[in-house]
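Down below is the structure, laid out as structure tokens.
The figures here come from the full heavy-atom set of this structure, side chains too, leaving out hydrogens, waters and symmetry mates.
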Amino acid sequence: MSFRGQAQYLRVYIPGGSDFQLWQNFYVNQSVTVSSKTYTYFPFACDGISETSALGGRSVKVECPATFQAVNTFEPAAKNMYLCQLEVFEFDTRLGVASPQSGQTLIASFIGYVVRMSGSFTALRVELGSTLAPIGAQIPPLTASNALVGVPIQT
């Protein structure tokens with residue numbers, strides 16, 4: 001029997017580094033503050049991030065209900081290639097799960113940008129791609145867009 005719980009936190013940035021959306025998927029109907037950021041509950045699931053610490057250019061897929069809020073978050077994120085940070089924390093469930101514990105351990109972190117999205121009437125699938133996690137860099141390589149770099153001077 002395992003007593004390990006995992007909470008995932010998704011942060012979507014807009015150009016300039018401001019927060020566009022902050023979600024967590026474990027503490028139902030609660031807002032949780034982690035590292036001075038307040039994450040609201042939104043049900044989502046991720047794959048690919050906990051399989052290995054050396055992702056090496058692989059993508060991470062996020063799946064969530066196709067709600068108005070999800071579409072309005074990921075549609076501009078895909079169009080403008082917004083950066084997303086996904087963090088996974090592990091904790092001992094025997095100490096309680098009503099609120100986050102102070103001794104949670106960060107077991108995985110991923111920063112990538114929205115490369116594509118698809119879905120149906122009920123589910124939205126978003127692919128976050130391009131990471132340099134194996135060497136510790138935390139910014140996607142070889143990608144430049146107006147949203148990430150800026151709009152050049154027009155003459």
Side-chain angles (χ1 to χ4, degrees), residues 5-91 99-102 104-120 123-154:
Q6 289 185 355
Q8 297 174 344
Y9 296 83
L10 180 65
R11 182 177 179 189
V12 181
Y13 297 87
I14 57 173
S18 299
D19 298 327
F20 183 58
Q21 195 64 259
L22 297 166
W23 288 335
Q24 56 88 15
N25 71 348
F26 188 85
Y27 302 99
V28 179
N29 296 327
Q30 293 185 47
S31 293
V32 174
T33 301
V34 175
S35 301
S36 73
K37 301 285 183 191
T38 302
Y39 293 79
T40 57
Y41 174 75
F42 191 78
F44 66 91
C46 300
D47 71 352
I49 192 167
S50 58
E51 295 170 4
T52 178
S53 62
L55 291 171
R58 291 183 22 207
S59 63
V60 169
K61 293 172 184 61
V62 177
E63 187 166 341
C64 62
T67 63
F68 183 75
Q69 183 181 19
V71 171
N72 283 343
T73 296
F74 287 118
E75 192 171 54
K79 178 181 177 188
N80 299 307
M81 297 171 63
Y82 288 174
L83 291 175
C84 298
Q85 179 179 19
L86 181 64
E87 294 182 317
V88 180
F89 287 89
E90 185 177 76
F91 52 92
S99 62
Q101 302 166 11
S102 60
Q104 292 191 16
T105 304
L106 178 65
I107 60 170
S109 180
F110 177 88
I111 293 183
Y113 61 93
V114 178
V115 292
R116 69 181 56 90
M117 61 185 249
S118 62
S120 65
L124 186 63
R125 287 172 289 288
V126 178
E127 184 177 343
L128 307 178
S130 205
T131 180
L132 290 176
I135 58 173
Q138 293 294 306
I139 197 76
L142 306 175
T143 300
S145 72
N146 286 349
L148 296 176
V149 177
V151 178
I153 296 173
Q154 305 291 319

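- For the 3.5 Å distance criterion, the side chains of Thr33 and Thr38 qualify, holding a donor opposite an acceptor.
- The two residues Thr73 and Phe20 come nearest to each other via the heavy atoms O-CE2, 3.3 Å.
- With a 4.5 Å cut-off on side-chain heavy atoms, Gln21 and Tyr82 do not count as touching.
- Distance CE/Met117 to CD/Glu127: 12.5 Å, rounded to 0.5 Å.
- The nearest pair of heavy atoms linking Ala66 to Ser120 is CB-O, 3.8 Å.
- Note that CD1 of Ile14 is 11.5 Å distant from CG of Leu83, once rounded to the nearest 0.5 Å.
- Closest heavy-atom contact between Val12 and Cys84: CG2-SG, 3.9 Å.
- Of all heavy-atom pairs spanning Phe74 and Cys64, the tightest one is CE1-SG, 4.1 Å.
- The shortest heavy-atom contact between Ala123 and Glu63 is CB-OE2, 3.7 Å.
- Interatomic distance, CG of Leu106 versus CD of Glu87, reported as 5.5 Å (0.5 Å rounding).
- Checking Leu86, Leu128, Val88 one by one against Cys46, the side chain to side chain contact (heavy atoms under 4.5 Å, CB included) holds for a single residue, Leu86.
- Gln85 is listed as a side-chain neighbour of Tyr13, based on a closest heavy-atom distance under 4.5 Å.
- Gln6 contributes atom CD, which lies 8.5 Å from atom CZ of Phe91 (distance to the nearest 0.5 angstrom).
- Counting heavy atoms of neighbouring residues, nucleotides and ligands inside a 6.0 Å radius, atom CD of Glu75 does not exceed 12 of them.
- Looking at heavy atoms from C-beta onward, Phe44 lies out of side-chain contact with Val126 at the 4.5 angstrom threshold.
- In this structure, the side chains of Tyr9 and Gln24 come closer than 4.5 Å at one or more pairs of heavy atoms.
- Contact annotation: the side chain of Phe42 never approaches that of Asn25 to less than 4.5 Å [non-hydrogen atoms, C-beta and beyond].
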